[in-house]
There are 2 protein chains.
Amino acid sequence: MTNVSNVLKPRFKPSHPGLVFKRQVLEGYELSITEAARRLGVSRKHLTNFSNGHVPCSLDLAQRIAAATGSGVAVWINLQANYDTWLAEHTDTPDVVAFG
Amino acid sequence: MTNVSNVLKPRFKPSHPGLVFKRQVLEGYELSITEAARRLGVSRKHLTNFSNGHVPCSLDLAQRIAAATGSGVAVWINLQANYDTWLAEHTDTPDVVAFG
DNA sequence: TGAAGGTGTAACCTATTAGGTTGCTATTGC
DNA sequence: GCAATAGCAACCTAATAGGTTACACCTTCA
């Protein structure tokens, strides 16, 4: 697993998008989870789980956060993609037969 | 929706990861969908659907393709993320109350 | 001290979806 | 004709996003 991309781009475990949301957005706007959930149109339970890194950032949630904050939806999708990538690189790879 | 990022990074609709897989990987290795499905350990039906852009690239599939081709899993996750981003930017945004 | 609001978490339910199996039809090459 | 491939449909399952409700535990404030 030591290839060029790893050498050029050493990876530490990225923050879960929910933690970024909590620290950057909620604290930045001084919003409670309860109030943010109301404005986003999602349940408080779900936003709590997301903000604590227990559930991934779905496309729907990414769209809502982007719409409410004025940020691009790509930010949240890519945060999740980076997080997923790190996980995928650090879990066992499924059994396959190599191509070529 | 006309912001700096759109100006700097004009977006055309990205190819579905499955089409990339079909054109670049299958044709490159001269593999049939049937044979590739066998090697990846997924059903032929599912790989057909993926290769024709009917189903997204799941994390599991991304891991399998990466393992079989020696490419990084990030490639496939990011292809899907870019595709998702484009779709999210070109569909109606859900109803939310702005922060701040 | 007690009420109010915020937080975390658990149990339960529903809708969606990834993915499998089977079977049919069409196409291509031997 | 026949074998292999491809696309697609119907159907089934396991997993998951997300909701509702409820409970326990803080703070803060009157």
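The chains referred to below are lettered A, B, ... by the order of the sequence lines, with proteins before strands, and numbering in each begins at 1.
In this structure, CZ of A:Phe50 is placed 16 Å from P of C:dT9, rounded to the nearest angstrom. Rounded to an integer number of Å, the gap from CD of A:Gln63 to P of D:dG18 is 12 Å. To the nearest angstrom, P of C:dG6 lies 12 Å from CZ of A:Arg39. In this structure, B:Leu26 places its CG atom 15 Å from C1' of D:dG7, rounding to the nearest Å. A:His46 places its NE2 atom 18 Å from the C1' atom of C:dA11, with the value rounded to the nearest Å. Residue B:Asn52 contributes atom CG, which lies 12 Å from atom P of D:dA9 at whole-angstrom precision. Rounded to whole Å, the distance from CD1 on A:Ile65 to P on D:dG18 is 10 Å. Between the CD atom of A:Gln80 and the C1' atom of D:dT16 there is a distance of 13 Å, given to the nearest Å.
When the nucleotides D:dG19, C:dT7, D:dA6 are ranked by their closest atom to the side chain of A:Ile33, C:dT7 comes out on top. Closest approach to the A:Pro56 side chain among D:dC8, D:dA6, D:dA17 is made by D:dA17 (side chain taken as heavy atoms from C-beta onward). Side chain of B:Ser32, nearest nucleotide from D:dG19, C:dA18, D:dT5: D:dT5.
Remark: B:Asn49 is not in phosphate contact with D:dC8, judged by side-chain N or O atoms under 4.0 Å from OP1 or OP2. Phosphate proximity of C:dG19 to B:Ser58: present, with a side-chain N or O under 4.0 Å from OP1 or OP2.
Across the interface with DNA chain C, nearest-nucleotide mapping of B:Leu47 and B:Arg44 shows B:Leu47 to be the residue nearer the 5′ end. Between B:Lys45 and B:Lys22, it is B:Lys22 whose nearest contact on DNA chain D lies nearer the 5' terminus.
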Side-chain donor-acceptor pairs under 3.5 Å in residues 50-59 of chain A, sequence neighbours left out?
from	atom 1	to	atom 2	distance (Å)
A:Ser51	OG	A:Leu47	O	2.8
A:Asn52	OD1	A:Lys22	NZ	2.8
A:Ser58	OG	A:Leu61	N	3.1

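What you find for A:Ile33 and A:Arg44 is that their closest heavy atoms are CG2-O, 4.3 Å. Here the shortest heavy-atom pairing between A:Trp76 and A:Ser71 reads NE1-OG, 3.1 Å.
Among the atoms of the strands shown, only primed sugar atoms or phosphate atoms (P, OP1, OP2) are found under 4.0 Å from some heavy atom of B:Thr34. Among the protein residues, B:Val42 comes within range of the sugar-phosphate backbone only, with heavy atoms under 4.0 Å from sugar or phosphate atoms but none that close to a base.
No side-chain N or O of B:Thr34 forms a donor-acceptor pair with one of B:Ser32 less than 3.5 Å apart.
Ring orientation note: the planes of A:Phe21 and B:Phe99 are tilted relative to one another, at an angle of 30° to 60°.
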